[in-house]
Structure formats: C-alpha cells, structure tokens
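For reference, the structure discussed in these notes is given below.
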Amino acid sequence: MSLYIILMGVQGAGKGEQARFIQETYGIPQVSTGDLFRAMKTRTDPLAQRIQQIMAEGKLIDDDTTNAVVEDRLGQEDAKNGVILDGYPRTPAQAAWLDQYLEKHGAHVNAVLLLELDLYTAFKRSFGRVKSDDTGKTHNIYFNDEEIAEWKFVDHPQNEFPPRLQAVDANGNVLSRRPDDASAHAILKRIDTFRETTAPLITYYEQKRPGLLVRINADQSIEAVASAIKEAVDARK
Ligand code: AMP
C-alpha cells in the first residue's frame, strides 16, 4: 500500500516541522522540489544551469522540467511506498500530471493537507523569528517567549528600512534573524505569491474528490497540528 501526501501552507505555518512528523510516523520521505532544484547548484550541465537562472530571477521552473525532476525522484527506491510532497504541485498542470503519473502506477494522492494560518500571524512568525547560533534554538519576539531576555528594534545606521532587531536570550546568547526574514517587504511578497499560486490548486483538489483536501488550523501547538494531521491521514490511508 502506498501513501502520497501533499503538504501546503504559507511560510510560517510549520510545514517543515509537520513534514518531519509525517516522515517519522508513516515512514515516507519528504520530497521538496525547491530542495531538489537547489541541490542542482553544483551541476554545470545545461539543464541545471537553466534552472539556476530561473530560480535566481525568483520565477517558477516550467511545468515539464519540474515534472521530469519529480518523476525521477518518485522512481527512486526510498519513494516506492509514497512520499510527502512539499512545494509541489505549484500549478494545476503539475497537479494533473501527478494524478496521471500515480494512476499509471496504481496509486493516487491520499490527502492534500492545507495548513491554514491567518496571514498576520504568518507574517509575525517570520518577521519575529530569531535564532541563537550557540544553542540552535528558535524563538519569536511576538509570542511571549520567556526565554528571550530582551529585544528591541534599533535604527539602521543609514536609516535604511527595516530597523535592525537586537535580541538576547536569558544566558546572554545573541539571537539573530535569518536574512530573508528581516525584510518585511520580502515576507509580504512571499505570502502574496503563496495565496496566488495556492488558490487554483485548492479549487483543483476540492473538485477532484470530496474530502481529499483537508484544512488544518495551523494556529495551534505543534503537537495539536500533528495530531490533526494524523487523524486526517489515518482516515485516508
Ligand atoms: P521553494 O523552496 O519551494 O520556495 O522553491 C524555491 C524555488 O524553486 C522556487 O522559487 C521556484 O523557482 C522553484 N520551484 C520549487 N518548486 C517548484 C514547482 N513545483 N514548480 C516550479 N518551480 C518550483
């Protein structure tokens, strides 16, 4: 028996954490097309170079190329009992290709899990996220995190936007932001892009089969989200 799960959610919805949970619970690997494309960075063949160029421009890779990369990954030994798809499909054409590919192999998409989060919370989860390089722990200035001893915004020396965020944990370890979380504009752009690309996919899967798409409230503890996911997947195995 195989298990194909599609995981969708805006940045900050906790997709990475939940993908790990699904992987451990059901023993299927996570397949992220973004990771697969990034892994081609060191390759110098024409296909890899074309992909690097498109990614650098922040655009989507064309459907045929993306589907070919996914086909290659799904054919590998560790993926024979199914996978968790992350970042794929991104277009209805990719979704349709996946359906016909799985059908040919006697399988189907079991569940499309949409981790729902209001967009202001999604914004705060990214913009307020800080991490200690010493402990590896992640914190957030917006969510009453008692392990953050102090945080403040300080003006950039040349008054550029956004201001810098300075934070330390209770042991004096410096907490810093990921560079891509520091730009409010870039976060909003990613959220907008997510909304635009996901809307047609939601329609696609809702029309495909009732109950295939499951909306999960991502504004809960990691454990509560994981348990909602388990319930949804167990009912669709
Ligand atoms: P991600 O890490 O999922 O945000 O993906 C990083 C980049 O890889 C995207 O900006 C696209 O250029 C490319 N990419 C990832 N997944 C897909 C996909 N399903 N279709 C087209 N392009 C993709």
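Order of listing sets the numbers, starting from 1, for every ligand and every atom in it. If you read the sequence from its start, that first residue is 1, and numbering goes on from there.
Contact of the L165 side chain with the K152 side chain is not registered, since no non-hydrogen atoms from C-beta on lie closer than 4.5 Å.
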Show me the side-chain donor-acceptor pairs of residues 198-205 shorter than 3.5 Å, one per line, residues at least two apart or across chains.
from: T198; atom 1: OG1; to: F194; atom 2: O; distance (Å): 2.5
from: T203; atom 1: OG1; to: A199; atom 2: O; distance (Å): 3.2
from: Y204; atom 1: OH; to: D99; atom 2: OD2; distance (Å): 2.5

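Using a cutoff of 4.0 Å between basic side-chain nitrogens and carboxylate oxygens, K230 and E223 are not scored as salt-bridged.
A cation-pi arrangement is present between R177 and F127 under the rule of less than 6.0 angstrom and at most 45 degrees off the ring axis.
Tracing side-chain contacts under 4.5 Å through hydrophobic residues (I, L, V, M, F, W, Y), one reaches I6 starting from V31; they form part of the same cluster.
Ring orientation note: the planes of W151 and F153 are nearly perpendicular, at an angle over 60° on the 30°/60° scale.
Protein neighbours of ligand 1 below 4.0 Å, counting non-hydrogen atoms: T33, G34, F37, R38, M55, K59, L60, I61, T66, G87, Y88, R90, Q94.
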